[in-house]
Amino acid sequence: MTERTETRGLFSRLPQINPVWVLLAALIVAIIFMNPGFVEPTGYMNFLKRAAPLAILAAGQVYVITSGGFDLSVGSLITLVVVGSSMLTNNDPTATYWVIPVMLGIGLGTGLVNGLVVCFLRVPSLIATLGMMITLNGLAFMWSGGAPRGYLPDTFRFFGRELIRDVPLVRFIPVSVIVLIVVVGLFAWLMHRTNLGRQVHAIGDNPVAARLAGVSVNRTRITAFMLSGLSGAIAGILLGGFAGVSTDVGTGYELQAITAAVLGGAQLLGGRGSVPAALGGALALTAIFTLLNFLGLPQPVRQVVQGLILIAAVALAMHRRKQTGT
Amino acid sequence: MTDSAPVIEMKGITKSFPGVRALSEVSFDVRPGEVQALVGENGAGKSTLIKILSGVYHADAGEVHVGGEAVHFAHPVESLQAGIAVIYQEFSLLPERTVAQNLFLGREPRTRFGLIDGARMRAETREVLSLFAAAGRIDPDRTVGELDVATQQVVEIAKAVSTGARVVVMDEPTAALNEAECEELFATVDTLRKRGVAIIYITHRMREITRLADRVTVLKDGEVAARFDEVPAPDAIVRAMVGRDIEDFYAPPATPDEIGETILSVRGAGNAMLHDIDLDVRAGEIVGLAGIQGAGRVALAMALFGQTPFEHGDVTLNGDTVTFRNPRTAIMGGVGLLPGDRKAEGLVLMQSVRDNGMLTSRAFGKLWGSDRKNAHADTDRMDELLDHMEIRAASYDQDIRALSGGNQQKAIVARWLSMRPKLLIFIEPTRGIDVNSKAGIYHLMRDLAREGAGILMISSDLPEVIGAADRVLVMQEGRIAAEFPHGASEQDVMHAATGETGVAA
């Protein structure tokens, strides 16, 4: 009974590379082919800058997905953060220093409420966060009276828009790219090097076994939602910096984040997920959008493509899962 | 009677599941009018073989012949049509329909006008039932759900007979029956045999083999370990099943000086499922908990572990009064538990062997602390524990789902070892694992007891409870009904478990 049969071929002896990196490399080659300027710092740094909010969002989303849930509320949260920041700062540059902590607090608070609703009211996360998505959207609208004020002070927009110049090798680095590196690095460390991350995996894999092994399932799940909320607030602060203020600035970001996480191999319904691979997924998705842009395809096409990618990525993941015999 | 040509012939059957070879080169045949006992430890491959015979699984290699013709069943319905009926432990009857409706399900006799001919259905049902001793008790118009388990079983068998089954497979048919019901079942089996039906009888109980079988096939680790054309002495069968002598299979019981002071003491405790529980477990001692399904053994374990807590009564652990409201508080109090359903309750299957071993120690580490080292364990020590338990894995970074049941179970044990619990509860510790791993688990439990832990072992495998425990408590309807010393007779324990007035030791 214990003899293991060799079910894997020769190729699996090669180091396992997550297919998302292959996809990303192919897309980047295609972009360079269409636009040789991409190899210049202005090319790839702008690309990274554009990808930063989604990548951060995906890093947060991957916690919730790995824990066995979904967080659909982050898109509306972005809108609320952008609109709320413009209301609170009210064109006062010095207000930034307290508005940003408030916004991060709103992100954590949203996640906390999501987590409490899922854990204690036993509402499935898909529904709980869908409700939160609609609620936050409404709140953002009410707060701004439907007509958000035009712009945020430069001190606030610093994170999303500014560049740090005279950097050796790359000439300049956008502040948002630094934020991206710090946040994704922190999230990756938490997910893959701490007790928290291992328990997030465990509760998504088998909540019953995790509870019987002493894992505090609710605490872990709530923490996952809070980290996703925090990532939403950070993404909102970056987007406010370069996209300006509107009531649809966050629309659709929740599904992009889920798509990015799944492209990175995160297991829907929990148990498996990787922050670096979700970053890869976010970059790949942004690269696809960039390519579509080069090809001159309009926005609706972009939506069609994104929808198909989400379905294809999940179908592929299910296929792989079946092959490995779960 | 046993000279006729086999009705079923299986040749060279091989079947693998990911990570496990369940059957290799198994050949097996049954002749009309014989009872062939199919025995083997859990996980030996009996049920896989039956599932291949009935078309649930497909063999990777090998042939199945029915009545001399090669068959390839794509679906269980096809095997049924070929005359092979399998009586599983869970019956396939519809509880809301009558006995007659169940017997003729999907092939109801019709009147000239195309309506169901109820009178004929009832008459034919009576005729089929008349073969069985229980016939007098069964009214064809009773709904099946009202009947007791033994009578439902008769209906299930009658259904098989009425569809013209040539082969009837019975999978541990006496598991849920009491003494008198068993005798009736044996009579039923005799009736079928006389009618020329071939019977494959799966059981763990030597008594039934001696009473019923014409031939015996023993499976072990997916291979035919022995084939007896006449029923041999029980020892010979056990030796073939276990692959070694029974004496060193179980670790020796504790000597009086190995048993220390009381670790766990429960007085007058209960909840919705448990009543008046008095229980002591001492250091160095393995206490077995026997009983039938639903007697409250698992409920007692889950109450002690805080999963479904006691609602009244006193529990003391190492002299301190404790109330455990959830598993986490129980673990902090020094209790560990190996769940009965490894896959559903024990393992996080997508994680590595090491992660499974580290799970509990990490749950009690700092949330932001390193996953490689916490107050209870670090990865090096966990690897040593896993080495010590001789877990066979390509690497401890490998997903645990690829391991065999026995190795998976050891990883869960390692999880608890790192916590050094005072009381360890094992629920069905050897279910579905191979024989050598079983012996390993028994010796491991004994080693833990010697190091001063108290152990409570729940098992449905009667020889196992009696052989591995220092004392056996028998539960019945949520109460502890009897206590037996090490080495009590299987029959006495069974009597106590089924509530018949047996002679308690």
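These figures come from a predicted structure and were not determined experimentally.
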*Asks:* What part of Arg198(A) gets closer than 4.5 Å to chain B, counting heavy atoms only: side chain, backbone, both or neither?
*Replies:*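 For Arg198(A), the side chain is the part near chain B, not the backbone.
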*Asks:* Please check if the side chain of Gln398(B) supplies one atom and the backbone of Ala394(B) the other of a donor-acceptor pair under 3.5 Å.
*Replies:*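 Yes; judged by distance alone, with no hydrogens or angles, the pair exists.
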*Asks:* Could you tell me whether the side chain of Ser361(B) and the main chain of His376(B) form a donor-acceptor pair under 3.5 Å?
*Replies:*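 Such a contact is absent between Ser361(B) side chain and His376(B) backbone.
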*Asks:* Just give me the residue among Gln199(A), Arg211(A), Arg219(A) that pairs up with chain B most often, heavy atom to heavy atom, under 4.5 Å.
*Replies:*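 Answer, by heavy-atom pair count under 4.5 Å with chain B: Arg211(A).
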*Asks:* I'd like to verify something: which residue of Met332(B), Lys366(B), Arg342(B) has the highest number of heavy-atom pairs under 4.5 Å with chain A?
*Replies:*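 Looking at each option in turn, the highest pair count goes to Lys366(B).
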*Asks:* Tell me which of these, Trp368(B), Phe364(B), Trp416(B), has more heavy-atom pairs under 4.5 Å with chain A than the rest.
*Replies:*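 Result: the option with the highest number of such pairs is Trp368(B).
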*Asks:* With a 3.5 Å distance limit and no angle check, can you tell me whether His201(A) reaches the backbone of Gly273(A) through a side-chain donor-acceptor pair?
*Replies:*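 At least one qualifying donor-acceptor pair exists.
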*Asks:* Output the option from Gly365(B), Ala344(B), Pro339(B) having the highest count of non-hydrogen pairs under 4.5 Å with chain A.
*Replies:*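 Max contact count across the listed options: Ala344(B).
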*Asks:* Looking at chain A, which one of Asn356(B), Asp399(B), Leu337(B), Ile412(B) has the largest number of heavy-atom pairs inside 4.5 Å, strictly under?
*Replies:*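 Most heavy-atom pairs under 4.5 Å with chain A: Asp399(B).
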*Asks:* Report yes or no: is the cationic atom of Arg221(A) (NZ for Lys, CZ for Arg) under 6.0 Å from the centre of the six-membered ring of Tyr63(A), at an angle within 45° of the ring normal?
*Replies:*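 No - Arg221(A) does not lie over the ring of Tyr63(A) by the 6.0 Å and 45° rule.
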*Asks:* At a heavy-atom distance under 4.5 Å, which candidate from Val208(A), Asn195(A), Asn206(A) has the highest pair count against chain B?
*Replies:*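 Of the candidates given, the most pairs with chain B belong to Asn195(A).
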*Asks:* Please identify, among Leu196(A), Thr223(A), Leu190(A), the residue contributing the most non-hydrogen atom pairs under 4.5 Å to chain B.
*Replies:*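 Result: the option with the highest number of such pairs is Leu196(A).
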*Asks:* Quick check: are there more than 12 heavy atoms from other residues, nucleotides or ligands sitting under 6.0 Å from CZ of Arg372(B)?
*Replies:*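 Open.
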*Asks:* For Ala330(B), is it the side chain, the backbone, both or neither that has a heavy atom under 4.5 Å from a heavy atom of chain A?
*Replies:*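 Contact with chain A: none, neither part.
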*Asks:* Once you round to the nearest 0.5 Å, how far does CG of Leu54(A) lie from CD of Gln61(A)?
*Replies:*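 With rounding to 0.5 Å, CG (Leu54(A)) is 10.5 Å from CD (Gln61(A)).
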*Asks:* Without swapping roles, check the side chain of Gln409(B) against the backbone of Pro429(B) for a donor-acceptor pair under 3.5 Å.
*Replies:*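 Yes; at least one donor-acceptor contact below 3.5 Å.
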*Asks:* Specify which of Asn326(B), Leu367(B), Asp341(B) makes the most heavy-atom pairs with chain A at under 4.5 Å.
*Replies:*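 Most heavy-atom pairs under 4.5 Å with chain A: Leu367(B).
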*Asks:* For Leu347(B), is it the side chain, the backbone, both, or neither that has a heavy atom closer than 4.5 Å to a heavy atom of chain A?
*Replies:*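 Backbone of Leu347(B) only, per the 4.5 Å heavy-atom cut-off to chain A.
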*Asks:* Counting only heavy atoms not in Lys373(B) (residues, nucleotides, ligands), do more than 12 fall under 6.0 Å from its NZ?
*Replies:*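 Open: at most 12 neighbouring heavy atoms sit under 6.0 Å from NZ of Lys373(B).
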